[in-house]
2 protein chains.
Amino acid sequence: MVHAPALQHRLPADSARFQTSPASDSGRRTLAEAEALCRARGVRLTPIRRRVFEMLLGSPKPLGAYDLADALASQGRRMAPITVYRALDFLIEQGLAHRLASRNAYIASTGSRETPAFLVCDGCGEATEITCQEVAATVRRVLSAQGYKPLARALEITGRCVHCQDVH
Amino acid sequence: MVHAPALQHRLPADSARFQTSPASDSGRRTLAEAEALCRARGVRLTPIRRRVFEMLLGSPKPLGAYDLADALASQGRRMAPITVYRALDFLIEQGLAHRLASRNAYIASTGSRETPAFLVCDGCGEATEITCQEVAATVRRVLSAQGYKPLARALEITGRCVHCQDVH
DNA sequence: TCGAAACATGTAGTGTTATAACCTCTATGA
DNA sequence: TCATAGAGGTTATAACACTACATGTTTCGA
């Protein structure tokens with residue numbers, strides 16, 4: 001489960017146009033932001049919710065609900081699955097986490113209300129959140145062309161990351 | 001479970017730029033195509049696989065594996081879950097179906113090897129396959145900008161369809 | 001045409017993810 | 001101080017997916 005932080009640095013061509021948010025180097029900041037955000041909204045970032053959020057922040061890859069339960073068990077009393085799910089529901093509602101349906105796993109997010117996109121590696125499972133006008137605009141346009149109203153759900157784009165391209 | 005076929009006709013503005021493929025009105029044609037495609041590839045569209053594929057083709061919304069088992073039970077002997085999953089695996093390998101992870105459900109597809117996109121309604125669950133150069137290009141660009149190699153996985157875009165916008 | 005190999009399906013059991021139903025505790029404010 | 005709302009505890013179960021192994025079926029070459 002231990003994993004070196006993603007090497008986000010040596011990237012091709014036009015990566016400058018994307019804002020990426022690897023969880024690993026923004027933990028502290030994001031935790032403070034989350035607290036501020038919850039205060040502002042009048043909702044409670046309780047100890048359980050906070051621990052789940054920290055766990056997600058600290059992980060370079062999305063975690064399953066039962067992974068979270070295991071991990072949290074090692075730092076205290078075991079938590080029932082439903083408890084984890086309730087915390088996750090809260091975090092998702094507040095935009096602090098997203099469910100990656102393609103992996104049945106959960107990942108910390110920025111709390112912004114915009115539709116985020118995640119690049120998910122088919123090999124190692126690591127996921128990178130990107131905020132990209134182009135993606136957002138394309139999604140909006142495609143939806144409205146079919147008469148759909150957009151929802152702020154995470155967009156999952158599957159591929160194979162730099163480190164996993166040769167393998168398998 | 002019975003559901004009127006989607007009204008795909010009165011659509012906003014620039015829908016002409018998208019090729020949509022509602023399952024309901026292309027069943028016959030697509031079944032023949034699937035047969036041809038399997039023959040050409042030297043793989044076998046066995047009775048079980050064919051029935052599962054027909055079931056998917058006939059449904060306006062994605063079906064769960066156990067839905068399929070139930071539906072197929074009503075037209076003969078009950079099928080074990082694993083049998084359904086095996087048929088689905090085959091169809092997915094051949095590009096004749098896709099798994100919609102956000103719904104734990106499966107949907108018939110065209111068999112083309114390109115990355116398709118599905119608009120999935122958060123309300124009724126109906127899904128529309130679209131083939132759109134713009135979407136494909138955006139996905140490719142975003143992936144390569146982060147050093148990812150594209151995979152031909154279905155892209156799921158969630159929204160609320162025309163009929164479900166007022167409800168809930 | 002016989003038999004080996006490859007592929008497809010049957011059977012039983014289990015693993016994994018997610019939720020239902022109901023109860024208790026605690027903080028808050030009228 | 002007591003009613004209330006929200007958070008969390010407990011137990012059980014639903015829903016989805018797969019492993020392992022046995023049995024059939026098709027195909028193809030000797």
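Values in this document were obtained by computation on a predicted structure and should not be read as measured data. Per chain, numbering begins at 1; letters A, B, ... match sequence-line order.
- In this structure, B:Arg39 places its CZ atom 17 Å from C1' of D:dT26, rounding to the nearest Å.
- Residues meeting the side-chain hydrogen bond (donor to acceptor under 3.5 Å, both in side chains) test with A:Thr83, sequence neighbours left out: none.
- With 3.5 Å as the limit, one finds a donor-acceptor pair spanning the side chains of B:Ser109 and B:Glu129.
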Secondary-structure string, 5' to 3', Watson-Crick or G-U under 3.5 Å, | for another-strand partners, for DNA chain C:
||||||||||||||||||||||||||||||
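- With sequence neighbours excluded, the residues that form a side-chain hydrogen bond (donor to acceptor under 3.5 Å, both in side chains) with A:Asp70 are A:Arg78.
- Scored by the salt bridge (Lys or Arg N to Asp or Glu O under 4.0 Å) test, B:Asp89 finds no partners at all (sequence neighbours excluded).
- Residues passing the ring pair (Phe, Tyr, Trp, His ring centres under 6.0 Å) test with A:Tyr85: none are found, sequence neighbours excluded.
- In the hydrophobic clustering, where aliphatic and aromatic side chains (Ile, Leu, Val, Met, Phe, Trp, Tyr) are joined below 4.5 Å either directly or transitively, A:Ile82 stands alone.
- Contact annotation: B:Asn104 reaches the phosphate of D:dA17 (side-chain N/O to OP1 or OP2, under 4.0 Å).
- Here C:dG15 presents its P atom at 15 Å from CD1 of B:Ile82, a figure rounded to the nearest Å.
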Any chance you could lay out the side-chain contact (heavy atoms from CB on, under 4.5 Å) test for A:Lys149 and A:Leu143, step after step, and finish with the verdict?
CA-CA 7 Å; A:Lys149 197 173 90 184; A:Leu143 282 170; over 6 Å; no
Donor-acceptor pairs under 3.5 angstrom involving side-chain atoms of residues 150-158 of chain A: please list them, not counting sequence neighbours.
unit_1: A:Arg153; atom_1: NH2; unit_2: B:Asp122; atom_2: OD1; d: 2.6
unit_1: A:Glu156; atom_1: OE1; unit_2: A:Ala101; atom_2: N; d: 3.4
unit_1: A:Glu156; atom_1: OE1; unit_2: A:Ser102; atom_2: N; d: 2.9
unit_1: A:Glu156; atom_1: OE1; unit_2: A:Ser102; atom_2: OG; d: 2.6
unit_1: A:Glu156; atom_1: OE2; unit_2: A:Ala101; atom_2: N; d: 2.8

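- Rounded to an integer number of Å, the gap from B:Arg99 CZ to D:dC18 C1' is 12 Å.
- Residue A:Tyr66 has no polar side-chain atom (N or O) positioned under 4.0 Å from OP1 or OP2 of C:dT17.
- Within residues 71-81 of chain B, the residues having any heavy atom closer than 4.0 Å to DNA chain C are, in order of number, B:Arg77, B:Ala80.
- OP1 or OP2 of C:dA18 has at least one side-chain nitrogen or oxygen of A:Tyr106 nearer than 4.0 Å.
- Computed from coordinates, the A:Tyr85 OH to D:dA15 C1' distance equals 11 Å when rounded to whole Å.
- Atom CG in B:Leu45 sits about 15 Å away from atom P in D:dT26, given to the nearest Å.
- Partners of A:Arg50 by side chain to side chain contact (heavy atoms under 4.5 Å, CB included), not counting sequence neighbours, listed by chain and number: A:Leu31, A:Glu35, A:Leu45, A:Glu54.
- Take A:Arg77 and apply the salt bridge (Lys or Arg N to Asp or Glu O under 4.0 Å) test, not counting sequence neighbours, and it matches no residue.
- The stretch residues 115-150 of chain B participates, sequence neighbours left out, in these ring-ring contact (aromatic ring centres under 6.0 Å, His included) pairs: B:His98-B:Phe118.
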Short heteroatom pairs, N/O only, protein and nucleotides 7-9 of chain C, under 3.5 Å:
unit_1: C:dA8; atom_1: OP1; unit_2: B:Arg49; atom_2: NH1; d: 3.0
unit_1: C:dA8; atom_1: OP2; unit_2: B:Arg49; atom_2: NH2; d: 3.4
unit_1: C:dA8; atom_1: O5'; unit_2: B:Arg49; atom_2: NH2; d: 3.3
unit_1: C:dT9; atom_1: OP1; unit_2: B:Thr46; atom_2: OG1; d: 2.7

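- Between the CG atom of A:Leu68 and the P atom of C:dT16 there is a distance of 16 Å, given to the nearest Å.
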